[in-house]
Number of protein chains: 2
Amino acid sequence: MNVRFNLRAMARVSQEHLDARRRQILDGARRCFTSNGFHATSMQDVLREAGLSAGAVYRYFRSKEEIVAAVAAETLESVRVSYAATAAADPPPTPDELIGAVLSRLRVLLGDTDGDDQRALPQLLMQVWGETLRNPEVARVLADGYHGLLGQWIALVEAYQSRGWVDPGADAEHVARTLIATVQGYFVQQALFGGMDPAGFREGLRALVAMNVPEEERRPAREH
Amino acid sequence: MNVRFNLRAMARVSQEHLDARRRQILDGARRCFTSNGFHATSMQDVLREAGLSAGAVYRYFRSKEEIVAAVAAETLESVRVSYAATAAADPPPTPDELIGAVLSRLRVLLGDTDGDDQRALPQLLMQVWGETLRNPEVARVLADGYHGLLGQWIALVEAYQSRGWVDPGADAEHVARTLIATVQGYFVQQALFGGMDPAGFREGLRALVAMNVPEEERRPAREH
DNA sequence: TTGTCAAGAATGAACGTTCGTTTTAACCTC
DNA sequence: GAGGTTAAAACGAACGTTCATTCTTGACAA
């Protein structure tokens, strides 16, 4: 009996193997969650899709809830990095340039990792949004990411204002929220109906920010 | 309960009573679905919230699925009517005018019927979006509403173009999709974080469509 | 290099619970 | 007291999870 006092238990299989199994589970779960939602997906569905038995899966995750949280976190992270990759530039990119670039990058990213299903990520993101209503941990992660993003957009809008591209009297946060809203709406439409493409969306945004309405045609702001 | 003479031959309670019970069930279910999602809500939850027993509820609805479909349909309908109430005008309202008016109207509508919880409808709408991924009937209702709405917005954008407010070279459908996206994003942010108000959103939209970027500062459209 | 073997990894049947739904029997109104 | 409506008990199915068991792996002795 060769009893040795190994501090680190020797792994029976490599760390790569363990990582691959974990990924196998998360990928299977993600496919289920995307088309069926978190709570209409059973563990049996996940097991079947992952190609593993119950015992195997429960060796890597303590509960279904933990898998849901992991998939949600990865989803939010993939959206976050697609934004973060777009660095600040001088002169600042216009909204249509910036958003078009972010969406194009995301499209390329998805083409590589997701079997070219351009709707999968938006659909999953929509499920994550719904999950925040009942899962405080997911809500916290989402809120953190959102507020970081909002701060970046506010800074960008302020840069617009200092260059005279945007009315300096406008509230930068309101403008930033509106810009974020366009991206969220893009995701919603892509998730629900598909057929959205970054170039077309950029064209629409471009036409909007290039709009020119004679002031005398405007109606007063308050109506009720 | 208040049982009155029967209007219909077989019924022993009034139609008003039946309608009220149906509404009682739908209201309870809606409250559950809003905060918990369709599939994380059990029938027990619905029964408790509606204050009725299983037998009573199953007299009015054949299944949980039928309740889900009814709540989803009512939700989409309430969004639809809030749009439909905004008639065509000449000159056409600018995007910020129109969207601001629609959101204000919706706010008033919600204040009357929903205990002043301005997040409830957007949250429920988000759940409905998620449900379309696995429920073809809900998906059909949503798609019908969306395409009707899209058509109206395209017509409006074309009116902008004929007045020279929007670049006539832009694809009207892309611009319309972008405008719809802003509203969807408004709903998302209101559902997730609250604190959105129509006036602020209108201000943000106003600043966007009034943006003025010197052409020589723009970057080329294609990047990769 | 090869054989051995303890321990990690994986299995799948079975568990207790909770699900949506149905049946039952008491209840209320006329 | 009869008809229609309700609440509550009961149903089978399906849920997420566990566990006794089997299979696989890799370090080590020879």
Side-chain angles (χ1 to χ4, degrees), chain A residues 1-29 32-33 36-71 131 134-135, chain B residues 1-26 28-29 32-33 36-72 131 134-135:
Chain A
M1 294 304 131
N2 198 0
V3 179
R4 296 210 283 155
F5 233 87
N6 290 347
L7 293 181
R8 297 274 306 165
M10 284 183 301
R12 291 284 116 180
V13 297
S14 67
Q15 186 63 39
E16 288 78 20
H17 174 89
L18 296 176
D19 292 346
R21 273 283 192 265
R22 194 184 151 88
R23 177 111 312 277
Q24 181 179 352
I25 295 166
L26 287 177
D27 285 349
C32 294
F33 293 159
N36 239 32
F38 292 118
H39 300 287
T41 295
S42 71
M43 281 302 289
Q44 304 273 352
D45 295 334
V46 173
L47 304 183
R48 196 182 310 114
E49 191 68 24
L52 288 172
S53 66
V57 167
Y58 275 88
R59 189 162 292 282
Y60 292 87
F61 293 93
R62 238 182 303 217
S63 65
K64 180 186 179 184
E65 194 80 3
E66 201 169 292
I67 300 178
V68 167
V71 169
E131 182 64 9
R134 36 169 268 105
N135 189 327
Chain B
M1 270 298 139
N2 201 4
V3 179
R4 307 205 160 273
F5 56 90
N6 44 346
L7 296 176
R8 295 175 52 181
M10 301 279 291
R12 287 181 52 103
V13 297
S14 68
Q15 188 62 40
E16 289 80 15
H17 173 88
L18 296 176
D19 292 347
R21 270 293 149 84
R22 195 185 150 88
R23 177 110 313 276
Q24 181 178 354
I25 295 166
L26 287 176
C32 294
F33 294 158
N36 239 35
F38 292 119
H39 300 289
T41 296
S42 70
M43 283 302 289
Q44 306 261 359
D45 296 333
V46 173
L47 304 183
R48 195 182 313 113
E49 191 68 24
L52 289 172
S53 67
V57 168
Y58 275 89
R59 190 157 293 281
Y60 290 88
F61 293 93
R62 237 180 307 209
S63 66
K64 180 187 179 183
E65 194 79 5
E66 201 169 292
I67 300 179
V68 167
V71 169
E131 182 65 9
R134 36 169 269 105
N135 190 327

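Below, chains carry the letters A, B, ... as their sequence lines are ordered, and counting in each starts from 1.
- Following rounding to the nearest Å, Arg21(A) (CZ) and dA9(C) (C1') show an atom-to-atom distance of 8 Å.
- Here dA9(C) presents its C1' atom at 15 Å from CG of Asp19(A), a figure rounded to the nearest Å.
- Remark: Glu65(A) engages Asn135(A) in a side-chain hydrogen bond (donor to acceptor under 3.5 Å, both in side chains) (not counting sequence neighbours).
- Taking atom CZ of Arg22(A) as the reference point, atom P of dA10(C) lies 14 Å away to the nearest angstrom.
- Taking atom CG of Asn36(A) as the reference point, atom P of dC15(D) lies 11 Å away to the nearest angstrom.
- Contacts between residues 48-58 of chain B and DNA chain C, defined by a heavy-atom separation below 4.0 Å, involve Ala54(B), Tyr58(B), listed by number.
- Listed pair Arg62(B) / dT21(C) fails the phosphate criterion, with no side-chain N or O lying under 4.0 Å from OP1 or OP2.
- Residue Arg59(B) places none of its side-chain N or O atoms closer than 4.0 Å to OP1 or OP2 of dA7(D).
- The nucleotide whose nearest atom lies closest to any side-chain atom of Ser42(B) is, among dT6(D), dG20(C), dA10(C), dG20(C).
- Between Tyr60(A) and Leu18(A), the closest side-chain pair of non-hydrogen atoms falls below 4.5 Å.
- Rounded to an integer number of Å, the gap from CG of Leu47(B) to C1' of dT6(D) is 13 Å.
- Rounded to whole Å, atom P of dA13(C) lies 11 Å from atom CD of Gln44(A).
- Put simply, CG on Asp45(B) is 16 Å from C1' on dT21(C), counting in whole angstrom units.
- Every pair passing side-chain hydrogen bond (donor to acceptor under 3.5 Å, both in side chains) that includes a residue from residues 48-57 of chain A is listed here, sequence neighbours excluded: Arg31(A)-Glu49(A), Asp45(A)-Arg48(A).
- Within the 4.5 Å cutoff, no side-chain heavy atoms of Val46(B) are placed close to those of Lys64(B).
- Partners of Arg59(A) by side-chain hydrogen bond (donor to acceptor under 3.5 Å, both in side chains), not counting sequence neighbours: none found.
- Partners of Arg22(A) under the side-chain hydrogen bond (donor to acceptor under 3.5 Å, both in side chains) rule, at least two apart in sequence or in another chain, do not exist in this structure.
- For Phe61(A) and dA10(C), the CZ to P distance is 13 Å, given to the nearest whole Å.
- Listed nucleotides: dT17(D), dA10(C), dG20(C). Nearest to the side chain of Lys64(B): dG20(C).
- Judged as a salt bridge (charged side-chain N to carboxylate O under 4.0 Å, His left out), and not counting sequence neighbours, the contacts of Arg134(B) are Glu131(B).
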